[in-house]
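Letters A, B, ... are given to chains in the order of the sequence lines, protein chains preceding strands, and every chain is numbered from 1.
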Protein chains: 2
Amino acid sequence: MTQTLTSETSDTVRKTLEYVRHHRLAKGDRLPSERNLSDRFGVTRSSVREALAVLDSMRITERKAKSGIFLRTTPDDGGLDALVLQADLGVPFDAQLTRDAIEARIICEEQAFRLACQRRTDADLAKLSGLLDTYAVLAANGRNMADEDVEFHLAVAAASQNRILVRTITPLMLMSTRGRRRYFASAELRQRSLDDHRAFFAAIEARDEALVTKLVHHHVHTAAADIQALNEAAAEAQDAGTPDPQT
Amino acid sequence: MTQTLTSETSDTVRKTLEYVRHHRLAKGDRLPSERNLSDRFGVTRSSVREALAVLDSMRITERKAKSGIFLRTTPDDGGLDALVLQADLGVPFDAQLTRDAIEARIICEEQAFRLACQRRTDADLAKLSGLLDTYAVLAANGRNMADEDVEFHLAVAAASQNRILVRTITPLMLMSTRGRRRYFASAELRQRSLDDHRAFFAAIEARDEALVTKLVHHHVHTAAADIQALNEAAAEAQDAGTPDPQT
DNA sequence: CTACCAATCTGGCCCTACCAGATCAAGATT
DNA sequence: AATCTTGATCTGGTAGGGCCAGATTGGTAG
């Protein structure tokens with residue numbers, strides 16, 4: 001669920017983003033030519049072009065035929081998938097962006113879960129129940145259930161019967177994959193998460209919109225705080241290690 | 001603002017999506033090999049690989065090394081950018097998806113605009129005021145201001161000081177580009193839109209959250225209805241023409 | 001029927017080449 | 001001196017070939 005692109009391409013994407021950062025390029029600035037980038041990064045032009053195709057599709061760069069490659073926006077101001085990509089690649093989030101992510105998640109999930117209360121079908125309920133079961137088993141066995149966590153949240157969103165809302169929430173969930181993985185290493189947090197999810201299920205089954213709204217706030221905020229604490233502990237421990245982006 | 005990818009790549013992306021649709025491929029199914037696709041589409045493998053890199057980054061396909069290309073999800077259930085892409089390429093939205101888009105836009109914009117009321121700075125206000133001025137000039141001169149419309153909405157979202165919300169809303173705006181273009185061909189609708197935007201500005205300046213919430217509902221719903229009417233008129237007129245996806 | 005193995009297929013990458021428009025600086029014109 | 005050509009150069013777009021090593025698969029031997 002995490003690894004999206006082939007190593008070489010994602011590597012080149014990362015290097016390109018690093019280049020932009022390092023050289024403090026601003027909106028509208030021109031990047032080196034494809035040929036230049038290719039031998040700068042030690043890869044072929046084909047690989048550079050694949051990476052640029054991805055960056056283009058994320059609206060970060062814009063290739064003007066026979067002219068050059070231009071920065072459409074700052075990487076920090078691209079699409080949501082760009083953030084997911086950056087998170088995958090280990091680019092750390094600053095504090096403000098982390099707060100923004102939490103706020104955005106609460107906004108979207110609150111409304112999606114509220115709609116789920118109104119519109120959930122029995123099939124949705126069954127699906128959630130099934131996920132909850134595997135969830136419990138994994139929690140008991142000490143397995144990391146980061147992916148299942150995402151799946152559960154998306155399944156709730158799907159119960160809103162709004163496919164676009166699901167797609168909106170997906171990247172908001174994915175951009176915190178690293179923190180989530182670390183989170184589920186703790187038995188205590190696994191249990192807490194399981195309890196939270198059971199509460200979600202009960203509220204949606206009972207169609208209790210007010211309750212589900214409260215739960216979203218509580219769940220996201222406490223989970224974010226827990227991850228924050230884990231990140232700080234990890235940073236303290238290995239100080240010079242790879243930074244973790246996170247929510 | 002519309003054309004995101006280079007013609008060949010987007011063409012190949014479109015053809016690939018068409019292939020998936022036509023062959024009714026489901027999640028997990030395998031696509032033809034890159035070499036097969038390349039001569040099927042009459043382009044080089046390089047182009048196919050660029051297109052696949054994009055589809056991969058949108059989580060639509062997944063390339064397993066030395067094994068094959070697999071459908072990660074149905075194109076209709078990919079990322080938001082996939083929808084923007086499909087809209088760009090002229091793939092029509094079904095009625096439900098259109099409703100979903102409207103609902104999602106209202107949810108996200110309502111909250112973003114509400115936060116904008118709380119947090120907007122004088123600089124934000126100045127920016128919006130400037131956009132409104134050019135907006136008025138364009139409206140008077142009969143110019144199509146679809147791009148400026150998007151820019152205004154995103155500027156309001158930016159006033160929420162939440163960069164992630166801006167990114168969330170961006171694709172929701174972009175996926176209705178075609179309808180928006182048609183919308184602004186009408187002088188009456190241009191004027192109505194200008195009035196709406198002035199109302200938005202006033203409400204945000206006055207920090208009137210309740211009002212701005214109402215305005216979002218009204219603006220999105222009426223604009224969607226107007227576009228719907230235009231689409232139906234267009235469909236009736238040229239019946240067998242290229243379908244337009246839309247909100 | 002099973003276990004094993006080799007031919008084949010596939011994605012990952014690399015390399016070269018050509019095209020035509022964009023760019024830009026040197027040189028010609030006014 | 002300012003402006004207008006113009007031609008060399010650079011750039012992205014696309015084609016097409018090639019090699020590698022792991023995955024797949026079908027046939028063969030047991």
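One can place CG of B/Asp39 at 18 Å from P of D/dT14, the figure rounded to the nearest angstrom. In this structure, A/Lys64 places its NZ atom 11 Å from C1' of C/dA22, rounding to the nearest Å. Rounding to whole angstrom units, CG of residue B/Asp56 and P of C/dG11 are separated by 11 Å. Between A/Asp11 atom CG and C/dG12 atom C1' the separation is 13 Å, expressed in whole Å. In this structure, CZ of B/Arg63 is placed 12 Å from C1' of C/dT10, rounded to the nearest angstrom.
Heavy-atom distances under 4.0 Å link DNA chain C to B/Arg30, B/Ser33, B/Glu34, B/Arg35 of residues 20-37 of chain B, given in residue order.
Closest contact between the side chain of B/Arg49 and the listed nucleotides C/dG12, C/dT23, D/dG16 involves C/dG12. For A/Ser46, the side-chain atoms get nearest to C/dC14 when compared with the rest of C/dG12, D/dG12, C/dC14. The nucleotide whose nearest atom lies closest to any side-chain atom of A/Lys66 is, among C/dC14, D/dT11, D/dG13, D/dT11.
Counting non-hydrogen atoms of neighbouring residues, nucleotides and ligands closer than 6.0 angstrom, the NZ atom of A/Lys15 exceeds 12 such neighbours.
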Which donor-acceptor pairs under 3.5 Å do the side chains of residues 22-30 of chain B make with protein atoms, sequence neighbours left out?
| unit_1 | atom_1 | unit_2 | atom_2 | d |
| --- | --- | --- | --- | --- |
| B/Arg24 | NH1 | B/Arg21 | O | 3.4 |
| B/Asp29 | OD2 | B/Ala26 | N | 2.7 |
| B/Arg30 | NH2 | B/Ser67 | O | 2.9 |

For residues 128-139 of chain B, tabulate all N or O donor-acceptor pairs below 3.5 Å that involve a side-chain atom, not counting sequence neighbours.
| unit_1 | atom_1 | unit_2 | atom_2 | d |
| --- | --- | --- | --- | --- |
| B/Thr134 | OG1 | B/Leu131 | O | 2.8 |
| B/Tyr135 | OH | B/Ser193 | OG | 2.8 |

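A donor N or O paired with an acceptor N or O is found under 3.5 Å between the base of D/dG13 and the side-chain atoms of A/Arg45.
Contact annotation: B/Ser67 reaches the phosphate of D/dT24 (side-chain N/O to OP1 or OP2, under 4.0 Å). Using a 4.0 Å cut-off, some side-chain N or O of A/Ser47 falls inside it from OP1 or OP2 of C/dC14. Of the side-chain N and O atoms in B/Thr44, one or more sit less than 4.0 angstrom from OP1 or OP2 of D/dA15.
Side-chain atoms of B/Gln96 and A/Asn162 include no donor-acceptor pair closer than 3.5 Å.
Pairing each heavy atom of B/Ala82 with each of B/Ile60, the nearest pair is CB-CD1, 3.6 Å.
Salt-bridge check for B/Asp149 with B/Arg181: failed, with every basic side-chain N at 4.0 Å or more from each acidic carboxylate O. A salt bridge is absent between B/Lys127 and B/Asp124: the closest approach of a Lys/Arg side-chain nitrogen to an acidic carboxylate oxygen does not fall below 4.0 angstrom.
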